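Every heavy atom of this structure was used, including side-chain atoms; hydrogens, water molecules and symmetry mates were not. Keep in mind that what you see is a predicted model, and the values were worked out from it rather than measured.
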Amino acid sequence: MLFLLPLLLCACPYSSSHYIDDSPQIYVEEVLLGKWIGNVKKPGTNRDELIYLNFAKKTDTEYSISFSGNLKELSPFKINLADSLTGTAFMSTIGERQFLNISINARIYIAELILKSGKLSLLPLAEHFTAKMIRTNLELRNSVDFHYKTRVHPILDDDFCLHDMVKVD
């Protein structure tokens with residue numbers, strides 16, 4: 001039982017009650033709007049599963065975001081699903097990197113956003129990216145900044161990473 005505890009603690013993306021910024025400050029990027037599709041490896045197998053990500057403009061600085069596809073794998077994480085997972089998101093910048101503050105089911109997830117050569121990657125931080133207790137938005141910003149400055153490879157939750165998604169017309 002003690003052997004499985006670390007695996008369970010490391011098996012979900014970092015969630016918080018805090019954002020990187022106090023409020024959205026970066027305008028919605030039109031290039032992100034629309035439907036994106038990508039493959040993720042089903043845990044324990046070599047099979048790929050299709051995941052759809054949809055960005056819509058909610059306000060000038062916020063996105064409506066939804067994930068759909070085979071989301072049954074999220075049920076062990078106590079996420080109630082119908083056919084999609086919806087929420088809101090806004091962009092923050094730390095150094096040269098862009099991050100999405102994704103709010104779903106009253107939890108905030110932090111994911112690095114990389115748009116390169118027409119392909120989109122969302123890379124959520126792992127739950128254990130910091131051992132520090134985060135109590136404010138500024139502490140979260142400083143912890144993410146410190147983490148990326150001191151690591152060759154940031155600690156990401158590989159099971160939830162969406163790599164090289166392509167836009168669907």
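Proximity of a side-chain donor or acceptor of K58 to a complementary backbone N or O of F90 within less than 3.5 Å is not detected. N101 contributes a side-chain N or O that, together with a main-chain N or O of I20, makes up a donor-acceptor pair within less than 3.5 Å. A donor-acceptor pair under 3.5 Å is absent between the side-chain atoms of D164 and the main chain of K119, judged by distance alone. The closest donor-acceptor contact from the side chain of D21 to the backbone of S23 lies at 3.5 Å or more, if one exists at all. Panel note: side chain K167, backbone V31; a donor-acceptor pair is recorded below 3.5 Å.
Checking each of K149, R141, H147 against D145 for a side-chain hydrogen bond (donor to acceptor under 3.5 Å, both in side chains) leaves exactly one that passes, namely K149.
By the salt bridge (charged side-chain N to carboxylate O under 4.0 Å, His left out) test, E112 is found to be paired with R97, residues two or more places apart in sequence or in another chain being considered.
Counting all heavy atoms, side chain and backbone alike, N39 lies closest to L50 at OD1-CD2, 2.9 Å. When all heavy atoms of L156 and Y148 are compared, the closest pair comes out as CD2-OH, 3.9 Å. The two residues L115 and G118 have their closest heavy-atom pair at CD1-C, 4.4 Å. Among all heavy-atom pairs drawn from A56 and L33, the shortest one is C-CD2, 3.7 Å. The two atoms that bring Y19 and N137 nearest to each other are N-OD1, 3.0 Å, heavy atoms only. Between A111 and I102, the shortest heavy-atom contact is CB-CD1, 4.2 Å.
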Candidate pair L123 and H163, rule side chain to side chain contact (heavy atoms under 4.5 Å, CB included), full reasoning: CA-CA 8 Å; L123 312 173; H163 295 280; 3.4 Å; yes
Would F67 and I65 count as a side chain to side chain contact (heavy atoms under 4.5 Å, CB included) if you check the C-alpha gap in whole Å, the side-chain angles of each, and the deciding distance to 0.1 Å? CA-CA 7 Å; F67 299 89; I65 188 170; 3.9 Å; yes
Let's go through T86 and I104 carefully: what are the C-alpha distance in whole Å and the side-chain angles of both, what is the deciding distance for side chain to side chain contact (heavy atoms under 4.5 Å, CB included) to 0.1 Å, and is it a yes or a no? CA-CA 6 Å; T86 61; I104 297 174; over 6 Å; no
Output, in order, the C-alpha distance, side-chain angles, deciding distance and verdict of side chain to side chain contact (heavy atoms under 4.5 Å, CB included) for V40 and F160. CA-CA 8 Å; V40 293; F160 288 88; over 6 Å; no
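One finds the OG atom of S68 at 7.5 Å from the CG atom of N54 (value rounded to the nearest 0.5 Å). With rounding to the nearest 0.5 Å, the separation of CG in L113 from OG in S92 is 11.5 Å. Rounded to the nearest 0.5 Å, atoms CZ (F99) and CD1 (I114) are 9.0 Å apart. The OG1 atom of T130 sits 11.0 Å away from atom CG of N142, with the distance rounded to the nearest 0.5 Å. Atom OG of residue S103 and atom CD of residue E62 lie 9.0 Å apart, to the nearest 0.5 angstrom. Expressed to the nearest 0.5 Å, how far OG1 of T88 lies from CG of L100 amounts to 10.5 Å.
Hydrophobic cluster membership is shared by F55 and L162, with clusters built from Ile, Leu, Val, Met, Phe, Trp and Tyr side chains linked at under 4.5 angstrom.
Looking at M165 and L53, their side chains come closer than 4.5 Å, going by heavy atoms from C-beta outward. L32 is listed as a side-chain neighbour of M91, based on a closest heavy-atom distance under 4.5 Å. Between L125 and V144 there is a side-chain heavy-atom pair separated by less than 4.5 Å. I134 is listed as a side-chain neighbour of Y14, based on a closest heavy-atom distance under 4.5 Å. Between S121 and C161, every side-chain heavy-atom pair lies at or beyond the 4.5 Å cut-off.
No cation-pi contact links K57 to Y63, judged by a cut-off of 6.0 Å to the six-membered ring centre and 45° from its axis.
No more than 12 heavy atoms of other residues, nucleotides or ligands shown are found within 6.0 angstrom of OH on Y52.
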